[in-house]
Amino acid sequence: MTLTGARILWECLVRQGVTDVFGYPGGAILPAYDAMLDYPIRHTLVRHEQGATHMADGYARASGRVGVAIATSGPGATNMVTGIATAMLDSSPIVCITGQVGSRLIGTDAFQEIDITGITLPVTKHNYLVTRAEDVAPAVREAFLIAASGRPGPVLIDITKDAQQSSCEFDWEAAAPTRSVKPKAPALSDADLASAAALINAAERPVVLAGHGVMISGAEAAVRALAERAHIPVAATLLGIGGFPASHPLNLGMMGMHGEAWVNLAIQQADLLIACGMRFDDRVTGNLRTYAPRAKKIHIEIDPSEINKNVPVDVALVGDLADVLARLQPSIAGGDRRAWLATIDAARGDSAVRDIQSLPDDGHLYAAHVINDLWRTTRSQDTIVVTDVGQHQMWEAQYYHHDTPRSLITSGGLGTMGFAVPAAIGAKRARPDAEVWAVVGDGGFQMTMCELATAVQDGIAIKIAIVNNGYLGMVRQWQEFFYERRYAATPLSGPDFVKLGEAFGIRSRAVTVRGDVVSAIAEAQAHNGPAVIDFRVEQEDTVYPMVPAGADLHAMIRRPSPNPIVETAAD
Ligand SMILES: Cc1cc2nc3c(=O)[nH]c(=O)nc-3n(C[C@H](O)[C@H](O)[C@H](O)COP(=O)(O)OP(=O)(O)OC[C@H]3O[C@@H](n4cnc5c(N)ncnc54)[C@H](O)[C@@H]3O)c2cc1C
Ligand SMILES: Cc1ncc(C[n+]2csc(CCOP(=O)(O)OP(=O)(O)O)c2C)c(N)n1
Ligand SMILES: [Mg+2]
């Protein structure tokens with residue numbers, strides 16, 4: 001059948017299973033928007049194209065499906081760059097479609113012409129400039145394959161206006177991808193599997209490092225089977241949280257810069273690390289020269305370029321985590337590692353006395369309490385928490401105990417402030433039956449709060465907990481520790497968030513004392529629509545523990561004990 005390039009685009013998206021796109025129109029993408037009306041696709045009109053990319057990303061992370069964002073050329077396309085980079089750094093599968101000026105105008109500095117394939121080359125897994133209607137279908141089909149396969153990531157398709165307007169024969173079958181998109185990796189050898197099994201079976205102090213790849217692979221059950229069979233404790237990266245149940249007796253918690261002290265100490269004492277779908281980020285390892293000095297290392301990873309990138313490993317098993325673990329499993333012996341687990345438990349006990357949760361209510365509202373109460377109030381149902389970036393993000397990782405995969409969505413690698421509200425909207429679109437909470441700082445909220453209008457216009461009932469400390473808190477914390485408390489440009493004012501929410505037509509309230517936290521959350525839950533809670537928390541509170549950037553993983557700054565709160569309280 002003969003169709004315009006614009007119609008071919010939607011024909012392909014529908015056949016790819018796409019039901020939702022997030023976008024913002026403009027001249028160069030207008031033919032595609034016009035054609036969209038004839039297809040069974042729900043379009044969410046965003047307020048800024050960065051929001052569209054974070055929504056697509058949140059949609060992808062909540063569901064495992066590819067998220068789709070669409071924008072016009074020039075400023076529409078450049079507004080997408082931060083969201084594309086965010087998805088790239090966290091291996092999230094999104095496809096971004098941009099309009100481009102007519103093919104004959106390319107290179108003339110035409111109105112709203114920008115070389116978006118050039119700009120996004122380093123932050124996409126792949127990108128396309130499509131100048132003919134004939135090339136639309138092959139590009140879309142290959143883009144979805146590339147975005148979702150192997151190590152997932154963002155793909156951009158830039159389509160000129162004339163390619164959208166002109167017509168050609170549409171043949172779905174003929175547009176099937178022809179080239180392989182797999183990285184060239186050595187085949188997994190039986191010898192490597194045997195070496196890995198021998199290391200695991202001989203280890204006395206092993207730790208599994210569970211990363212984002214656990215969820216991308218769908219290897220949650222396989223990791224659990226390995227841990228339970230061999231009695232190995234499991235630590236998570238920030239993006240690995242939820243891949244192994246927090247309530248499991250073998251769960252340790254988060255590793256790294258703001259990881260739990262006992263987790264980092266266990267890694268430093270371990271004789272074997274089994275890294276599963278994680279990339280040894282510098283926030284995870286601290287000083288590489290002193291990282292896990294006694295441990296042999298096994299790295300199970302789909303992207304060969306991650307092997308030996310930061311941490312030299314003894315055995316590399318390149319492949320999909322679930323597949324590799326399935327092949328490894330028969331060679332794993334049952335283990336009794338009670339002595340090792342007891343050592344870790346002793347360190348955990350030492351941390352508990354410093355834990356802010358153990359302290360009596362002194363009348364102050366601490367972010368950690370808010371997060372922990374949010375967990376207690378929402379734990380029994382299907383809940384997704386989407387965080388922004390900063391102190392609140394770390395407290396969420398520490399005090400919200402995730403038992404299920406894809407229940408925490410957060411920007412880890414790029415650390416993009418402004419992520420939470422739009423990504424929460426995308427997550428809610430993907431999983432409408434889940435309760436979706438955005439946990440966001442007062443700084444990050446002010447970066448993308450325009451998307452409140454999106455939630456209202458489209459009736460997307462996200463719940464927003466603003467952790468309002470009047471500071472760019474995480475940066476203030478660095479100034480507190482490393483810049484002699486010289487708070488350059490970190491005290492932050494904002495609007496009255498309750499009035500702001502109400503101006504958008506959103507049910508909003510403020511909370512200033514701990515006693516009101518649970519009732520405010522319950523009220524937001526009961527409300528059939530979006531809700532905002534402005535938690536006015538302690539202003540100069542600090543995330544502990546903290547491994548200073550580049551320091552040894554065991555050299556953590558710990559919460560002062562035994563009188564921790566006085567140290568951080570504003571008065
Ligand atoms: C303020 C702030 C503080 C932070 N502090 C910490 C901290 O204390 N601790 C911490 O852990 N992080 C922290 N982070 C996050 C950190 O920067 C990294 O984003 C995070 O550690 C990366 O986790 P990851 O390696 O599991 O996930 P990713 O970066 O997403 O990497 C996933 C890995 O899995 C691989 N993979 C994908 N699919 C598969 C598959 N099917 N099979 C096998 N492998 C696969 C990928 O190739 C990739 O190597 C912080 C971030 C911010 C913004
Ligand atoms: C877009 C962007 N700009 C700057 C930063 C640097 N940064 C990291 S955390 C942070 C402070 C965040 O403040 P807020 O949103 O209020 O959260 P809090 O740390 O107070 O919980 C800043 C400025 C960033 N991560 N992203
Ligand atoms: Mg703040």
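Heavy atoms only: backbone and side chains are in, while hydrogens, waters and symmetry mates are out. One is the number of the first residue; the rest follow in order along the sequence. Order of appearance sets the numbers: ligands from 1, and atoms from 1 within every ligand. Note that the coordinates shown come from a computational prediction; the quantities given were computed from them, not determined experimentally.
Tyr59 and Arg65 share a side-chain donor-acceptor pair at under 3.5 Å. Judged purely by distance below 3.5 Å, without hydrogens or angles, the side chains of Ser305 and Asp303 pair a donor atom with an acceptor atom. A donor and an acceptor atom, one from each side chain of Gln477 and Gln391, are located under 3.5 Å apart. Between the side chains of Tyr400 and Thr378, at least one donor N or O sits under 3.5 Å from an acceptor N or O. Checked by atom type, the side-chain pair His392/Glu396 shows no donor-acceptor distance below 3.5 Å.
Using a 4.0 Å cut-off between charged nitrogen and carboxylate oxygen, Glu306 and Arg151 count as a salt-bridge pair. Salt bridge Asp552/Arg289: absent, no basic N to carboxylate O contact under 4.0 Å. Arg536 and Asp534 are joined by a salt bridge, as a carboxylate oxygen and a charged side-chain nitrogen come within less than 4.0 angstrom of each other. Salt bridge annotation for Arg279-Asp281: present, with a cationic side-chain nitrogen under 4.0 angstrom from a carboxylate oxygen.
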N or O contacts of ligand 2 with protein under 3.5 Å, please list pair by pair.
| residue | atom | partner | partner atom | Å |
| --- | --- | --- | --- | --- |
| ligand 2 | 15 (O) | Gly443 | N | 3.2 |
| ligand 2 | 15 (O) | Gly444 | N | 2.7 |
| ligand 2 | 16 (O) | Asp442 | N | 3.4 |
| ligand 2 | 16 (O) | Asp442 | OD1 | 2.8 |
| ligand 2 | 16 (O) | Gly443 | N | 2.9 |
| ligand 2 | 16 (O) | Tyr471 | O | 3.0 |
| ligand 2 | 17 (O) | His392 | ND1 | 3.4 |
| ligand 2 | 19 (O) | Gln391 | N | 2.8 |
| ligand 2 | 19 (O) | Gly473 | N | 3.3 |
| ligand 2 | 19 (O) | Met474 | N | 2.9 |
| ligand 2 | 20 (O) | Asn469 | OD1 | 3.2 |
| ligand 2 | 20 (O) | Asn469 | ND2 | 2.9 |
| ligand 2 | 20 (O) | Tyr471 | O | 3.1 |
| ligand 2 | 20 (O) | Gly473 | N | 2.8 |
| ligand 2 | 21 (O) | Gln391 | N | 3.3 |
| ligand 2 | 21 (O) | His392 | N | 3.1 |
| ligand 2 | 21 (O) | His392 | ND1 | 2.8 |
| ligand 2 | 25 (N) | Gly415 | O | 2.8 |
| ligand 2 | 26 (N) | Gly415 | O | 3.4 |
| ligand 2 | 26 (N) | Met417 | N | 3.4 |

Between the protein and ligand 1, which nitrogen or oxygen pairs come in under 3.5 Å, and how far apart is each?
| residue | atom | partner | partner atom | Å |
| --- | --- | --- | --- | --- |
| ligand 1 | 8 (O) | Met257 | N | 3.1 |
| ligand 1 | 8 (O) | His258 | N | 2.8 |
| ligand 1 | 9 (N) | Met255 | O | 2.8 |
| ligand 1 | 11 (O) | Leu238 | N | 2.9 |
| ligand 1 | 17 (O) | Asp281 | OD2 | 3.3 |
| ligand 1 | 17 (O) | Gly412 | O | 3.1 |
| ligand 1 | 19 (O) | Gly412 | O | 3.4 |
| ligand 1 | 19 (O) | Gly413 | N | 3.1 |
| ligand 1 | 23 (O) | Thr237 | OG1 | 3.4 |
| ligand 1 | 25 (O) | Arg279 | N | 3.0 |
| ligand 1 | 26 (O) | His212 | N | 2.8 |
| ligand 1 | 26 (O) | Thr237 | OG1 | 2.6 |
| ligand 1 | 29 (O) | Arg279 | NE | 2.4 |
| ligand 1 | 29 (O) | Arg279 | NH2 | 3.4 |
| ligand 1 | 30 (O) | His212 | ND1 | 2.8 |
| ligand 1 | 34 (O) | Gly277 | O | 3.0 |
| ligand 1 | 41 (N) | Asp320 | OD1 | 2.7 |
| ligand 1 | 42 (N) | Leu321 | N | 2.9 |
| ligand 1 | 44 (N) | Ile302 | N | 3.2 |
| ligand 1 | 47 (O) | Arg151 | NE | 3.4 |
| ligand 1 | 47 (O) | Glu301 | OE2 | 2.4 |
| ligand 1 | 49 (O) | Glu301 | OE1 | 2.7 |
| ligand 1 | 49 (O) | Glu301 | OE2 | 3.2 |

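For the Mg ion (ligand 3), the neighbouring protein N/O/S atoms at less than 2.8 Å, given as residue and atom, are Asp442 OD1, Asn469 OD1, Tyr471 O.
Distance alone, capped at 3.5 Å, places no donor-acceptor pair between the Glu480 side chain and the Arg485 backbone. Within the 3.5 Å criterion, the main-chain N or O of Ala551 finds no donor-acceptor partner in the side chain of Asn287.
Under the side chain to side chain contact (heavy atoms under 4.5 Å, CB included) criterion, Asp320 pairs with Ser217, Ile302, Ala322, Asp323, not counting sequence neighbours.
Nearest heavy atoms, Gly58 versus Ile409: O-CD1, 3.9 Å.
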